[in-house]
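To find a chain, count down the sequence lines: A is the first, B the second, and so on, and within it residues start at 1.
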Amino acid sequence: MKLNGAQILVQSLKNEGVDHIFGYPGGAVLHIYDALGAQDDIKHILVRHEQGATHAADGYARASGKPGVVLVTSGPGITNAVTGIATAHMDSIPMVVISGQVPSPLIGNDAFQEVDAVGITRSCVKHNFLIKDINQISLTIKKAFHIASTGRPGPVLIDIPKDITIAQIQEPNYIDTVDMRSYQPVVDAEPKQIIKAVELILSAKQPVIYAGGGCVIGNADQELREFTRQLGFPITQTLMGLGAYPAKGELFIGMLGMHGTYEANMTMHDSDCVIAVGARFDDRITANISKFCPTAKIIHIDIDPSSIGKNVAVNVPLVGEVKSVLKDLIQALKGKKTTDISAWWAQINEWRGVDSLAYQTKEGVIKPQTVIETLYEVTKGEAIVTSDVGQHQMWAAQYYHFNEPRRWINSGGLGTMGFGLPAAMGAKLAKPDRDVACVTGEGSIQMMLQELSTMLQYNTPVKIINLNNGYLGMVRQWQEFFYEKRYAMSYMEALPDFVKLAESYGHIGVKVEREEDLKPALIEAFKQKDRTVFLDIITDPNENVFPMIPSGAGHNEMLLAGRDEMASTNDEGLDQV
Amino acid sequence: MRHIISVLLENEAGALSRVSGLFSARGFNIESLTVAATNDETLSRMTIVSVGDDGIIEQIVKQLNKLIDVVKVTDLTSMEHIERELLLVKIDVNPDTQADIDRQIDKFSGKIIDVSEDTYLVEVVGQSKKINEFLGSLDALKILEVSRTGVTGVCQKREG
Ligand SMILES: Cc1cc2nc3c(=O)[nH]c(=O)nc-3n(C[C@H](O)[C@H](O)[C@H](O)COP(=O)(O)OP(=O)(O)OC[C@H]3O[C@@H](n4cnc5c(N)ncnc54)[C@H](O)[C@@H]3O)c2cc1C
Ligand SMILES: Cc1ncc(C[n+]2csc(CCOP(=O)(O)OP(=O)(O)O)c2C)c(N)n1
Ligand SMILES: [Mg+2]
């Protein structure tokens, strides 16, 4: 049977087990749309903006572990998608993006809606392809999924000129697997490095496990739990790792880094042995690198050799899949005795006593932290929570205690405002039986509002928790601390009436202004199983995210709520009426 | 320190821009870069000369390896290797300077490959250092045009 390129493309996607595509049509991809329209194995979600498609596919991937798939047209279609591709790239999320391209003979002629998609995306994809031959379609799709989902995952772009989707050939024999000589991700760490790591672990007196997104990406939560419990070591997690080890676990000392807990950062600072598990020593973690872990030997498990030794010198590199490396370590440690670390735990418990996440409630205002705590209570900690970027993101991370992986979905590496809402839609499509909440701010939500319309069309009920502080709060916080309260352009006048806005999109809108209304409103919202509910919650406009490592400081130089809040606002305190 | 890094990569369109893009995006320095096909038509060989401390060179090698099209990366500097570069230089010559220039060409085993009324076109092959020295031995004002290929190299062992 003869098929055209578009039909071969769609069949190849089916062979990869694709069940959802997030996309937006245009001239260059009309043949592909024609082929998509003629089948119903793959459900196409028509977003309202291509950036929304990428974030939705990303949310789908993070919730399910399967690659998210995006289809956009040439020119503005692909340029609109770039932010979402970069977002997925920074957080190592598997994604396959198919972009239409102008017909091959026109490439390079400044043709209508032509951009160099491969060139534009080169630095924010794991790999990209321009298909030049119809016979390469099925192989390229196979390679793209292979590259996107193995090793350190990431987005892969396939740019396909229109003429190639139109041409016809005899239906090809689709291959099942692909082996690329130039791409062979490592799985197991070197045995001699495992031995070295074990020696270091056994002699550690002040150890800490620092686990990151790699444990979620690599589905290694069970191994991480077993490893941590076997050793009885304290464990801290990055923003991206939350949930891999349960927040309610005794050994968990909270998130680390800029807005991590006091105990996590102090533990890192004083540790003599840091075991980094699928984490990349990001600058939000290390703070001032010259003051980072001054006394620690470092063991680093990472699938990507370039993550190792990039920011911080490492004593024992373990290149491999977290899952397999942890299994090897667990095995090698069986029956071995670690050093007594009870004195270390006593010290950590003293730091815990500082209670760095405590906050003061105030009569008549809703504290954002209270909202997240109530959200946790109402959903019993079992919802998938997506977030946008800003203060609300940090509060969600700090106060919603994630006990399972793939429940916490946020843009950590790129910090993309606008991510939360489409990601929630994607997560709901991946996990239709699970409650999905999108914690957002009045600033971020306005970057991708249009997806409310998509959510109605495909009935993806999500609860939007808008922590409306009337400010680009994270920016305002920095201006308060570091710019002598010169609040340049961080206040948004003319906010929309979010209740009416939600209603006009066909959803339920509720404004919450009093603390006593908060819990009932949340309970009611989650009762509405089939509806998207927009809770516009008016929160304290002046609240700041604490604790905080200010820029240039080390882990042991955190600002704490109450004490340092006063110190930093002292001089102009009278202005705050 | 100066390193010569040899990269074997799939002979695909765009492979060169992936490498050069990597260097500019990560702020790595490139002193020279050459690329050409190999005896296997599906592979190209790229030779890059870069300067950096050990940490930077290690990152360069790792980042190159991470590129999907890259099959193999070798830091030639860490092993016995041969390095060569070709220089073509156009020199202003007159009866007063000719003898001296001839002597230099001889000293550096250069070849005069074209002669006009008042110019020489000279070819010199060797390590970059030798080419620098040859150019340095000429009167700067008499050098009309310089074209260098950049470094290429191989390791001396049978398996590199
Ligand atoms: C406003 C804001 C504030 C922030 N504040 C903080 C903060 O206080 N604390 C904090 O932690 N973060 C914070 N971040 C997030 C921060 O920017 C980084 O995104 C985050 O710290 C990176 O997490 P990670 O190290 O776990 O790496 P990830 O980006 O999750 O990378 C995962 C690592 O694991 C490796 N890997 C992937 N898969 C595997 C596998 N299968 N096997 C082995 N290795 C694997 C990868 O190669 C990579 O090195 C903040 C972000 C924003 C936007
Ligand atoms: C697309 C984009 N532009 C700008 C920023 C910089 N930025 C980070 S947080 C923030 C403010 C977010 O405001 P809001 O969504 O209201 O959240 P809040 O901090 O008030 O909770 C801004 C502007 C960003 N992260 N992303
Ligand atoms: Mg805000």
S24(B), part contacting chain A, at a heavy-atom distance under 4.5 Å: neither
Distance-minimising heavy-atom pair for C155(B) and M79(B):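 The answer is CB-SD, 3.5 Å.
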Heavy-atom closest contact (M90(A) atom, L414(A) atom, distance): CB-N, 3.8 Å
Proximal to chain B - members of residues 288-306 of chain A, heavy-atom separation under 4.5 Å: D304(A), P305(A), S306(A)
Strictly distance-based, threshold 3.5 Å: is any side-chain N or O of [X] a donor or acceptor partner for the main-chain N or O of [Y]?
{"X": "S12(A)", "Y": "I8(A)", "answer": "yes"}
{"X": "K130(B)", "Y": "V125(B)", "answer": "yes"}
{"X": "T77(B)", "Y": "I4(B)", "answer": "yes"}

Proximity breakdown for K126(A) and chain B, heavy-atom pairs closer than 4.5 Å: both
Contacting region of L130(A) [heavy-atom separation from chain B under 4.5 Å]: neither
Name the member of [options] that forms the most heavy-atom pairs with chain A at distances under 4.5 Å.
{"options": "L9(B), L43(B), L22(B)", "value": "L43(B)"}
{"options": "G55(B), G14(B), A25(B), S17(B)", "value": "S17(B)"}
{"options": "E58(B), E12(B), E10(B)", "value": "E10(B)"}

Working for salt bridge (charged side-chain N to carboxylate O under 4.0 Å, His left out), residues K192(A) and E190(A): CA-CA 6 Å; K192(A) 72 168 198 284; E190(A) 286 178 36; 3.2 Å; yes
Pairs involving residues 82-95 of chain A, ordered by first then second residue, that meet salt bridge (charged side-chain N to carboxylate O under 4.0 Å, His left out) (sequence neighbours left out):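 Matches after skipping sequence neighbours: R62(A)-D91(A).
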Side-chain donor-acceptor contact under 3.5 Å, S32(B) with R148(B):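 Not at all, the side chains of S32(B) and R148(B) share no donor-acceptor pair under 3.5 Å.
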Short side-chain donor-acceptor distance under 3.5 Å, D179(A) and Q184(A): yes
